[in-house]
Structures are given as structure tokens and as C-alpha cells.
Amino acid sequence: YGITFAVLALAGASYSMLQSTVTPALPVIQDELGASASATAWIFTGYLLSASVLTPIVGRLGDMFGKARTLVIVLAVLCFGVLLAALADSIEMLIAARVIQGSAGALFPLAYGIIRDEFPAHRAASGIAMISAILGIGGGLGIVLAGPIIETLDYHWLFWIPLISTAAAALLTWKLVPESPVRVPGRVNWLAAALMTVGLSALLLAVSKTTAWGWGGTGTLLLAAFGIAEAAAKPRVASINLCADQLVLLLADPTLIATL
């Protein structure tokens, strides 16, 4: 169990650092890529949108087809997104890379599921709590390390360094993490996923435009109302409890707090 936990902790730390290291570097990235402030903001907004939409979907696929197998795929996709970001030479390419990285948001619920299925009952709760703590610790560490990395190297190394640990986590997960025997048959509700995507996109667009429109502006209020209506519409892609859990994870992230 110790090896499995160590591998999951490495994967979680790599992802949580990727969430936060970019935030202090946004002004530098904006200057080097010659991007506008609103376009640069989508480096973070696109990441959040992707994570919010795909986390319940990928988590559901993990329940259906195997959590460890799905986690390996998630980490492989994350590696591709990090590599793309490290090579990015335009704001559009970097935003696309961050959207791909956000799709790995299911890493944490998959890790929770593996611990719940594989660990003894008396160790599962503490294991999940420690993985949850890594989200905050890794996020805080990423903010601290971002400055020295940018000053010593450049912002591309904010992605090259996590790429090494993410690739190692993917390989170790494939080799060492046992597949969970628990399967939950079912299907993904793609209609609900589409509604949630539209709703969350509208909400995030409303938030990103508040500096121009104001929090009480007509455009902000209309987009927010539309987003809430679409995201709440039935049928659902995930239960209310799962969505609430993901909201708690996002609000616990120091990266999100730092950008507010």
C-alpha cells in the first residue's frame, strides 16, 4: 500500500504544482508572447473550464473501465499538455495546452477511488485525507517556486520541470498501481455533459469580463444567469454530491484564491 500511495502522491503533487506555478508568471507570459490581458487570463480560465467539465466525465469512465487504467491515460494526456505548453510560442498554443492539462482534473477523484478500493478500511480515510492535503501543499509550493524558476531560467521551465515528474508518475502508475476490481456499469450522459459545458463556459466568460462590464453589468448578469440555468439543467452528467466535491477541491486550491 505504501508504494501505491507514494505513486499517487507523486501524481497529485505534479498536477497541483502545475495548477499554481503559472499564476505568478502570467505578467511575464503576457509580455513575452505579446498577448492582451484578457487573452492571458484564458490560460487560467481555460484550465478551470476543462477541469470542471471533464473531471466528472473521466471519473465516471474510471468507474466503468478501471481506475488505474484511466489514471494512466489521464497522466499520459497531462504529459502531452505539459509538453505542448513547454514548446508553446504563441498565446493560442499555450491556452490549448492548458485546456489539455485541465482535463487531468480527474486525477484526484481517481486516486481517491483507488485508495478506497485497494486500501484496508482503517487506512483508506487517512490516505484520502493525505492526498487531499497534497492538493493544497503542492499548489502553495508551486507559487513559491515559480519566482526563482522564472528568474533563473524562463517561464517555459515552469512546464519542463513538472513534465519530468508527471512522466515518472505515469510510468510508475502503469507498472506499480494495481487495477481496482470494482466496476460500476453504466454510461456517460453526453447530453448532460454538453449542457454543463455550455453553462460553465458562460459562467467563466461572465467572470472573465467583469473588469470590462462590471459585476452588475447587464452582460455579466445575463451570462451568469444563462450559465447557472444550463449547468443546472437535467439530465445530469454527475450527481450533485460529485459536483459539490469538485467545487470544494477548486475552492481549496490556493491558485484560485490567488487569482481572485
Side-chain angles (χ1 to χ4, degrees), residues 5-51 74-105 107-108 111 130-173 208 211 249-260:
F5 179 81
V7 173
L8 295 177
L10 176 61
S14 300
Y15 180 78
S16 60
M17 287 184 66
L18 275 169
Q19 285 182 295
S20 60
T21 51
V22 175
T23 304
L26 288 178
V28 176
I29 294 173
Q30 180 180 346
D31 290 340
E32 293 205 15
L33 296 181
S36 65
S38 59
T40 305
W42 274 94
I43 294 174
F44 188 74
T45 303
Y47 181 95
L48 274 183
L49 176 61
S50 176
V74 164
L75 288 170
V77 171
L78 180 59
C79 284
F80 173 70
V82 178
L83 176 61
L84 190 64
L87 298 173
D89 57 2
S90 68
I91 190 66
E92 293 82 9
M93 186 175 177
L94 185 55
I95 291 172
R98 290 290 287 173
V99 170
I100 294 172
Q101 292 172 29
S103 68
L107 185 153
F108 280 93
M130 292 177 68
I131 292 294
S132 299
I134 287 173
L135 176 65
I137 295 171
L141 186 62
I143 292 176
V144 172
L145 293 177
I149 291 174
I150 295 171
E151 291 180 3
T152 306
L153 302 166
D154 63 50
Y155 80 87
H156 292 281
W157 284 92
L158 296 175
F159 303 105
W160 284 119
I161 294 173
L163 177 60
I164 298 172
S165 60
T166 303
L171 179 61
L172 292 173
T173 301
S208 68
T211 54
L249 283 176
L250 285 173
L251 292 178
D253 182 8
T255 308
L256 179 59
I257 296 171
T259 58
L260 293 178

So [Y] and [X], do their side chains get closer than 4.5 Å, heavy atoms only?
{"X": "Leu33", "Y": "Tyr155", "answer": "yes"}
{"X": "Ile143", "Y": "Thr21", "answer": "no"}
{"X": "Leu163", "Y": "Trp160", "answer": "yes"}

Next item on the list: Look at the side chain of Thr173 and the backbone N and O of Ala169, then say whether any donor-acceptor pair between them is shorter than 3.5 Å.
Entry: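 Here the side-chain-to-backbone pair exists.
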Taking all heavy atoms of [X] and all of [Y], pick out the closest pair and write down the distance.
{"X": "Ile134", "Y": "Ala13", "value": "CG2-N, 3.5 Å"}
{"X": "Phe44", "Y": "Gln19", "value": "CE1-O, 4.3 Å"}
{"X": "Gly142", "Y": "Ser20", "value": "CA-OG, 3.3 Å"}
{"X": "Thr40", "Y": "Leu26", "value": "CG2-O, 3.7 Å"}

Sequence-distant partners of [X], side-chain contact (heavy atoms from CB on, under 4.5 Å), two or more places apart:
{"X": "Leu141", "result": "Met17, Leu145"}
{"X": "Val28", "result": "Glu32, Ile150"}
{"X": "Asp154", "result": "His156, Trp157"}

Please identify each residue that fulfils side-chain hydrogen bond (donor to acceptor under 3.5 Å, both in side chains) with [X], with sequence neighbours left out.
{"X": "Ser36", "result": "Ser38"}
{"X": "Ser14", "result": "Ser165"}
{"X": "Tyr15", "result": "Tyr47"}

Could you go through residues 76-100 and list every donor-acceptor pair under 3.5 Å that involves a side-chain atom there, pairing it with any protein atom two or more places apart or in another chain?
from	atom 1	to	atom 2	distance (Å)
Ser90	OG	Met93	N	3.2
Arg98	NE	Ile43	O	3.3
Arg98	NH1	Leu18	O	3.1
Arg98	NH1	Gln101	OE1	2.9

